[in-house]
Amino acid sequence: MSRPDTAPRLVEVSGAEALWLVEGSSLGRLVYPQRGQTVVRPARHVWEFGRLIVRAPVQAAVVSDEAVTYQVDEIRVVAGTGWTVSLSGPAEVIAAPDEAAHYRRTLTGWTHGPHDTVLRLQPKTVSGFRLVRAEA
């Protein structure tokens with residue numbers, strides 16, 4: 001719902017600011033191809049050492065060594081403001097038992113069992129936008 005004196009618009013942010021926004025959040029969506037379709041799954045994440053660690057309800061074989069996209073946003077509907085960031089790059093399943101256990105303890109999962117996977121995403125592309133109100 002727009003106020004008559006302002007109009008919403010998207011403003012592109014730098015890669016550094018986009019990563020800062022991702023680092024300050026913990027929820028997102030893992031987007032990947034499967035059988036010719038685009039699949040979106042809810043996920044939890046943490047930004048560590050220049051890589052995004054993602055825990056998502058997805059089979060490891062589906063995303064292993066694949067390029068995936070991770071999308072994070074925070075939209076304040078009433079105010080008409082917020083931001084959105086997309087990161088894309090190769091993902092690898094964290095297979096080391098101790099490392100995987102650490103992230104399973106620190107990142108709350110959506111499911112448990114064979115579809116509970118922890119990934120390391122090395123972003124190759126990062127794009128972000130802020131939704132702002134501009135004076136008319």
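FYI, the numbering just counts along the sequence from 1. Just so it is clear, the structure is predicted and the values come from calculations on it, not from any experiment.
When every heavy atom of Gln71 is checked against every heavy atom of Ser86, the shortest pair comes out as CG-OG, 3.8 Å. Residues Ala91 and Val68 approach most closely at CB-CG2, 3.8 Å, considering heavy atoms. Among all heavy-atom pairs drawn from Pro8 and Arg133, the shortest one is CD-NH1, 3.4 Å. Across all their heavy atoms, Ala56 and Ala43 have their closest contact at CB-CB, 3.8 Å. Taking every heavy atom of both residues into account, Trp83 and Leu21 meet most closely at CH2-O, 3.6 Å. In terms of heavy-atom proximity, Val62 sits nearest to Pro33 at CG1-O, 4.3 Å.
At a threshold of 4.5 Å between side-chain heavy atoms, the hydrophobic network of Ile, Leu, Val, Met, Phe, Trp and Tyr places Leu107 and Trp47 in two separate groups. Linking ILVMFWY residues whenever their side-chain heavy atoms come closer than 4.5 Å, directly or via other members, leaves Val40 and Ile75 in distinct clusters. When the side chains of ILVMFWY residues are joined at heavy-atom separations under 4.5 Å, either directly or via intervening members, Tyr32 and Ile94 end up in two distinct hydrophobic clusters. Hydrophobic clustering, with ILVMFWY side chains joined whenever heavy atoms are under 4.5 angstrom apart, keeps Leu19 apart from Val13. Following chains of ILVMFWY side-chain contacts shorter than 4.5 Å, one cannot reach Phe129 starting from Val132, and the two form parts of different hydrophobic clusters.
For the pair Leu52/Val22, a side-chain contact is recorded, criterion being any heavy-atom separation below 4.5 Å from C-beta on. For the pair Leu119/Tyr70, no side-chain contact is recorded, criterion being any heavy-atom separation below 4.5 Å from C-beta on.
The distance from the CD atom of Gln59 to the CG atom of Asp116 is 12.0 Å, given to the nearest 0.5 Å. Leu121 CG to Leu30 CG: the interatomic distance, rounded to the nearest 0.5 Å, is 8.0 Å. Note that the OG1 atom of Thr69 and the CG atom of Leu87 stand 8.5 Å from one another [nearest 0.5 Å].
At least one donor-acceptor pair closer than 3.5 Å links the side chain of Thr117 to the backbone N or O of Val58.
Applying the salt bridge (charged side-chain N to carboxylate O under 4.0 Å, His left out) criterion to Arg76, with sequence neighbours excluded, gives Glu74. Every residue two or more places apart in sequence or in another chain was checked for a side chain to side chain donor-acceptor pair (under 3.5 Å) with Gln34, and none qualifies. Partners of Arg130 by salt bridge (charged side-chain N to carboxylate O under 4.0 Å, His left out), not counting sequence neighbours, listed by chain and number: Glu17.
Considering Val54, Val118, Leu27 as possible partners of Arg44, the one that fulfils the side chain to side chain contact (heavy atoms under 4.5 Å, CB included) test is Leu27. When each of Glu48, His45, Arg55 is tested with Tyr103 by the rule side-chain hydrogen bond (donor to acceptor under 3.5 Å, both in side chains), just one qualifies, namely Glu48.
The pair Arg120-Glu99 counts as a salt bridge, with a side-chain nitrogen and a carboxylate oxygen less than 4.0 angstrom apart.
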